[in-house]
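Along the sequence shown, residues are numbered consecutively beginning with 1. Counting convention: from 1, in listed order, for ligands and their atoms alike.
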Amino acid sequence: MLLEIQSLTKRYPGSDSARPVLRDLSLSLAAGETLALTGESGSGKSTLLHLVGALDRFDAGEIWLDGHALSALGDGARAALRRDVVALVFQQFNLIPSLTVAQNLSFHARLAGREDREWLDQLTERLGLGDFATRYPEQLSGGQQQRVAIGRALAMRPRLLLADEPTGNLDETTSDAVMALMLDLVAESGAALFLVTHSERIAALAGRRAHLSNGCIT
Ligand SMILES: Nc1ncnc2c1ncn2[C@@H]1O[C@H](COP(=O)(O)OP(=O)(O)OP(=O)(O)O)[C@@H](O)[C@H]1O
(Lines give C-alpha, C1' and ligand atoms only; values in the text may rest on other atoms or scores of the structure.)
Protein backbone atom coordinates (compact mmCIF):
# COMPACT_ATOMS: atom_id res chain seq x y z
CA MET A 1 0.00 0.00 0.00
CA LEU A 2 1.35 3.42 -0.93
CA LEU A 3 -0.27 5.16 2.05
CA GLU A 4 -1.55 3.47 5.19
CA ILE A 5 -2.83 5.50 8.14
CA GLN A 6 -3.65 3.62 11.33
CA SER A 7 -5.32 4.98 14.48
CA LEU A 8 -3.84 8.41 13.95
CA THR A 9 -4.25 11.01 16.70
CA LYS A 10 -3.10 14.61 16.49
CA ARG A 11 -3.39 17.38 19.08
CA TYR A 12 -2.05 20.88 18.81
CA PRO A 13 -0.19 22.18 21.84
CA GLY A 14 -2.42 24.34 23.98
CA SER A 15 -5.63 22.99 22.47
CA ASP A 16 -8.16 20.94 24.44
CA SER A 17 -6.39 17.60 25.01
CA ALA A 18 -9.73 15.83 25.47
CA ARG A 19 -10.66 16.79 21.89
CA PRO A 20 -7.79 16.05 19.52
CA VAL A 21 -8.08 17.42 15.97
CA LEU A 22 -7.67 13.87 14.59
CA ARG A 23 -8.72 10.92 16.67
CA ASP A 24 -8.07 7.25 15.94
CA LEU A 25 -8.23 7.92 12.21
CA SER A 26 -7.49 5.13 9.73
CA LEU A 27 -7.30 5.33 5.94
CA SER A 28 -5.37 3.77 3.11
CA LEU A 29 -4.59 4.71 -0.48
CA ALA A 30 -3.15 2.45 -3.15
CA ALA A 31 -0.89 3.50 -6.01
CA GLY A 32 -2.91 5.08 -8.81
CA GLU A 33 -5.99 5.81 -6.67
CA THR A 34 -7.57 9.26 -6.40
CA LEU A 35 -9.23 10.24 -3.13
CA ALA A 36 -11.17 13.40 -2.30
CA LEU A 37 -11.44 14.38 1.36
CA THR A 38 -14.25 16.70 2.40
CA GLY A 39 -15.27 18.00 5.81
CA GLU A 40 -16.37 21.17 7.55
CA SER A 41 -14.03 24.07 7.99
CA GLY A 42 -11.77 23.30 10.96
CA SER A 43 -12.42 19.55 10.84
CA GLY A 44 -8.71 18.81 10.35
CA LYS A 45 -8.35 18.20 6.60
CA SER A 46 -5.24 20.35 6.15
CA THR A 47 -3.79 18.92 9.35
CA LEU A 48 -4.15 15.40 7.94
CA LEU A 49 -2.58 16.36 4.62
CA HIS A 50 0.38 17.98 6.41
CA LEU A 51 0.91 14.85 8.50
CA VAL A 52 0.84 12.62 5.41
CA GLY A 53 3.31 14.99 3.72
CA ALA A 54 5.67 14.55 6.71
CA LEU A 55 5.46 18.28 7.39
CA ASP A 56 4.27 17.87 10.97
CA ARG A 57 4.35 15.23 13.71
CA PHE A 58 1.47 13.30 15.27
CA ASP A 59 0.80 12.09 18.83
CA ALA A 60 -0.31 8.48 18.36
CA GLY A 61 -0.97 5.90 15.66
CA GLU A 62 1.11 5.55 12.53
CA ILE A 63 1.41 6.69 8.95
CA TRP A 64 3.23 4.42 6.51
CA LEU A 65 4.27 6.23 3.38
CA ASP A 66 5.73 4.05 0.67
CA GLY A 67 6.50 1.49 3.41
CA HIS A 68 8.20 3.96 5.77
CA ALA A 69 6.72 4.45 9.25
CA LEU A 70 6.82 8.23 9.62
CA SER A 71 6.98 8.23 13.43
CA ALA A 72 10.33 6.45 13.27
CA LEU A 73 11.98 8.86 10.83
CA GLY A 74 14.29 11.71 11.71
CA ASP A 75 14.23 15.07 9.99
CA GLY A 76 16.66 14.04 7.24
CA ALA A 77 14.68 10.95 6.23
CA ARG A 78 11.43 12.94 6.30
CA ALA A 79 12.95 15.56 4.02
CA ALA A 80 14.08 12.80 1.66
CA LEU A 81 10.52 11.43 1.48
CA ARG A 82 9.22 14.92 0.72
CA ARG A 83 11.79 15.23 -2.01
CA ASP A 84 11.41 11.77 -3.54
CA VAL A 85 7.90 10.41 -2.89
CA VAL A 86 5.31 13.11 -2.20
CA ALA A 87 4.59 16.46 -3.77
CA LEU A 88 2.25 19.11 -2.47
CA VAL A 89 -0.02 21.64 -4.12
CA PHE A 90 -1.42 24.26 -1.79
CA GLN A 91 -4.22 26.73 -2.21
CA GLN A 92 -1.66 29.54 -2.00
CA PHE A 93 0.43 28.06 -4.84
CA ASN A 94 3.74 28.87 -3.04
CA LEU A 95 5.61 29.49 -6.28
CA ILE A 96 9.10 30.93 -5.99
CA PRO A 97 8.71 34.60 -6.98
CA SER A 98 12.29 35.07 -8.17
CA LEU A 99 12.11 32.15 -10.63
CA THR A 100 10.41 32.12 -14.02
CA VAL A 101 7.62 29.68 -14.86
CA ALA A 102 10.09 27.33 -16.55
CA GLN A 103 12.48 27.53 -13.59
CA ASN A 104 9.66 26.97 -11.09
CA LEU A 105 8.60 23.88 -13.03
CA SER A 106 12.02 22.28 -13.04
CA PHE A 107 13.19 23.35 -9.58
CA HIS A 108 11.93 20.46 -7.46
CA ALA A 109 12.56 17.85 -10.13
CA ARG A 110 16.15 19.02 -10.25
CA LEU A 111 16.45 18.87 -6.45
CA ALA A 112 15.12 15.31 -6.55
CA GLY A 113 17.66 14.48 -9.29
CA ARG A 114 14.80 13.63 -11.63
CA GLU A 115 14.78 16.42 -14.18
CA ASP A 116 13.28 14.81 -17.26
CA ARG A 117 13.28 17.32 -20.13
CA GLU A 118 10.70 15.43 -22.17
CA TRP A 119 8.24 15.19 -19.26
CA LEU A 120 8.78 18.89 -18.45
CA ASP A 121 8.07 19.83 -22.08
CA GLN A 122 4.95 17.68 -22.03
CA LEU A 123 3.72 19.24 -18.78
CA THR A 124 4.40 22.74 -20.09
CA GLU A 125 2.41 22.02 -23.21
CA ARG A 126 -0.49 20.15 -21.53
CA LEU A 127 -0.81 22.85 -18.88
CA GLY A 128 -0.83 25.54 -21.57
CA LEU A 129 2.21 27.29 -20.11
CA GLY A 130 4.36 27.51 -23.24
CA ASP A 131 3.66 31.21 -23.77
CA PHE A 132 4.44 32.02 -20.14
CA ALA A 133 7.70 30.11 -19.69
CA THR A 134 9.84 33.21 -19.20
CA ARG A 135 7.34 35.11 -17.05
CA TYR A 136 7.49 35.43 -13.28
CA PRO A 137 4.64 34.21 -11.03
CA GLU A 138 3.43 37.75 -10.24
CA GLN A 139 2.84 38.26 -13.97
CA LEU A 140 0.35 35.38 -14.13
CA SER A 141 -3.36 35.06 -13.36
CA GLY A 142 -4.52 32.85 -10.48
CA GLY A 143 -5.47 30.02 -12.83
CA GLN A 144 -2.11 30.21 -14.60
CA GLN A 145 -0.24 30.20 -11.28
CA GLN A 146 -2.24 27.19 -10.19
CA ARG A 147 -1.29 25.31 -13.36
CA VAL A 148 2.37 26.08 -12.67
CA ALA A 149 1.97 24.78 -9.10
CA ILE A 150 0.47 21.54 -10.41
CA GLY A 151 3.18 21.22 -13.06
CA ARG A 152 5.90 21.83 -10.53
CA ALA A 153 4.49 19.14 -8.23
CA LEU A 154 4.18 16.59 -11.04
CA ALA A 155 7.55 17.43 -12.61
CA MET A 156 9.40 15.29 -10.11
CA ARG A 157 7.05 12.38 -10.79
CA PRO A 158 5.82 11.92 -7.23
CA ARG A 159 4.24 8.62 -6.20
CA LEU A 160 1.68 10.61 -4.22
CA LEU A 161 0.33 14.07 -5.01
CA LEU A 162 -1.20 15.88 -2.03
CA ALA A 163 -3.42 18.78 -2.99
CA ASP A 164 -5.03 21.13 -0.45
CA GLU A 165 -7.92 23.02 -2.04
CA PRO A 166 -5.96 23.23 -5.28
CA THR A 167 -8.74 25.02 -7.09
CA GLY A 168 -10.03 27.01 -4.12
CA ASN A 169 -9.07 30.39 -5.56
CA LEU A 170 -10.37 29.79 -9.07
CA ASP A 171 -13.73 30.43 -10.70
CA GLU A 172 -15.90 27.41 -11.46
CA THR A 173 -14.96 27.03 -15.14
CA THR A 174 -11.22 27.43 -14.56
CA SER A 175 -11.41 25.19 -11.52
CA ASP A 176 -13.13 22.38 -13.47
CA ALA A 177 -10.58 22.64 -16.28
CA VAL A 178 -7.60 22.63 -13.88
CA MET A 179 -9.06 19.68 -11.95
CA ALA A 180 -9.70 17.64 -15.12
CA LEU A 181 -6.15 18.33 -16.26
CA MET A 182 -4.71 17.39 -12.87
CA LEU A 183 -6.62 14.09 -12.89
CA ASP A 184 -5.39 13.32 -16.43
CA LEU A 185 -1.78 14.10 -15.59
CA VAL A 186 -1.90 12.14 -12.34
CA ALA A 187 -3.31 9.14 -14.23
CA GLU A 188 -0.66 9.45 -16.94
CA SER A 189 2.15 9.59 -14.45
CA GLY A 190 0.75 6.67 -12.42
CA ALA A 191 0.66 8.74 -9.22
CA ALA A 192 -1.98 8.60 -6.50
CA LEU A 193 -3.87 11.77 -5.61
CA PHE A 194 -5.06 12.79 -2.14
CA LEU A 195 -7.14 15.90 -2.56
CA VAL A 196 -8.79 18.14 0.03
CA THR A 197 -11.74 20.13 -1.21
CA HIS A 198 -14.84 21.99 -0.04
CA SER A 199 -16.49 21.46 -3.39
CA GLU A 200 -18.89 18.58 -3.88
CA ARG A 201 -18.50 19.05 -7.61
CA ILE A 202 -14.73 18.61 -7.47
CA ALA A 203 -14.95 15.74 -4.98
CA ALA A 204 -17.31 13.87 -7.31
CA LEU A 205 -14.52 13.71 -9.92
CA ALA A 206 -12.24 11.62 -7.70
CA GLY A 207 -12.30 7.83 -7.71
CA ARG A 208 -12.90 7.61 -3.97
CA ARG A 209 -14.35 9.90 -1.33
CA ALA A 210 -13.86 10.30 2.39
CA HIS A 211 -15.46 12.69 4.85
CA LEU A 212 -13.78 14.01 7.98
CA SER A 213 -15.98 14.66 10.97
CA ASN A 214 -15.18 14.82 14.71
CA GLY A 215 -11.61 13.82 14.01
CA CYS A 216 -12.50 10.59 12.20
CA ILE A 217 -13.19 9.47 8.67
CA THR A 218 -16.85 8.65 8.08
N1 LIG B 1 -0.75 25.23 14.20
C2 LIG B 1 -1.89 25.09 14.88
N3 LIG B 1 -1.95 25.28 16.22
C4 LIG B 1 -3.10 25.12 16.91
N5 LIG B 1 -4.27 24.75 16.35
C6 LIG B 1 -4.28 24.55 15.02
C7 LIG B 1 -3.10 24.71 14.21
N8 LIG B 1 -3.42 24.44 12.92
C9 LIG B 1 -4.73 24.14 12.93
N10 LIG B 1 -5.25 24.20 14.17
C11 LIG B 1 -6.64 23.89 14.56
O12 LIG B 1 -6.92 22.57 14.19
C13 LIG B 1 -8.24 22.45 13.66
C14 LIG B 1 -8.17 21.86 12.26
O15 LIG B 1 -7.56 22.79 11.38
P16 LIG B 1 -7.34 22.46 9.83
O17 LIG B 1 -6.67 23.62 9.21
O18 LIG B 1 -6.68 21.14 9.73
O19 LIG B 1 -8.85 22.32 9.35
P20 LIG B 1 -9.44 22.23 7.86
O21 LIG B 1 -10.47 21.14 7.88
O22 LIG B 1 -8.35 22.12 6.88
O23 LIG B 1 -10.16 23.64 7.76
P24 LIG B 1 -10.49 24.56 6.45
O25 LIG B 1 -11.46 23.77 5.64
O26 LIG B 1 -11.11 25.78 7.07
O27 LIG B 1 -9.18 24.83 5.77
C28 LIG B 1 -8.85 23.85 13.73
O29 LIG B 1 -9.64 23.93 14.89
C30 LIG B 1 -7.64 24.75 13.83
O31 LIG B 1 -7.95 25.91 14.56
Hits for salt bridge (charged side-chain N to carboxylate O under 4.0 Å, His left out) against Arg159, two or more places apart or cross-chain, chain-then-number order -> Asp66
- Task: Might you confirm whether atom CG of Asn214 has over 12 heavy atoms from other residues, nucleotides or ligands at distances under 6.0 Å?
- Result: no
Does the Arg83 side chain pair with the main chain of Gly113, one donor and one acceptor, at a distance under 3.5 Å? no
Is there a donor-acceptor pair closer than 3.5 Å between any side-chain N or O of Glu4 and the backbone N or O of Trp64?
-> no
Close N/O pairs between ligand 1 and protein, under 3.5 Å:
unit_1   : atom_1 : unit_2 : atom_2 : d
ligand 1 : 18 (O) : Thr47  : N      : 2.9
ligand 1 : 18 (O) : Thr47  : OG1    : 2.5
ligand 1 : 19 (O) : Gly44  : N      : 3.3
ligand 1 : 21 (O) : Ser43  : N      : 3.2
ligand 1 : 21 (O) : Ser43  : OG     : 3.4
ligand 1 : 21 (O) : Gly44  : N      : 3.0
ligand 1 : 21 (O) : Lys45  : N      : 3.0
ligand 1 : 21 (O) : Lys45  : NZ     : 2.8
ligand 1 : 22 (O) : Ser46  : N      : 2.9
ligand 1 : 22 (O) : Ser46  : OG     : 2.8
ligand 1 : 23 (O) : Gly42  : N      : 2.8
ligand 1 : 25 (O) : Lys45  : NZ     : 2.7
ligand 1 : 25 (O) : His198 : NE2    : 2.9
ligand 1 : 26 (O) : Ser41  : OG     : 2.6

Q) Hey, is the main chain of Leu99 close enough, under 3.5 Å, to the side chain of Asn104 for a donor-acceptor pair? A) yes
(Q) Taking CD in Glu40 as the centre, count heavy atoms belonging to other residues, nucleotides or ligands within less than 6.0 Å. Is the count above 12? (A) no
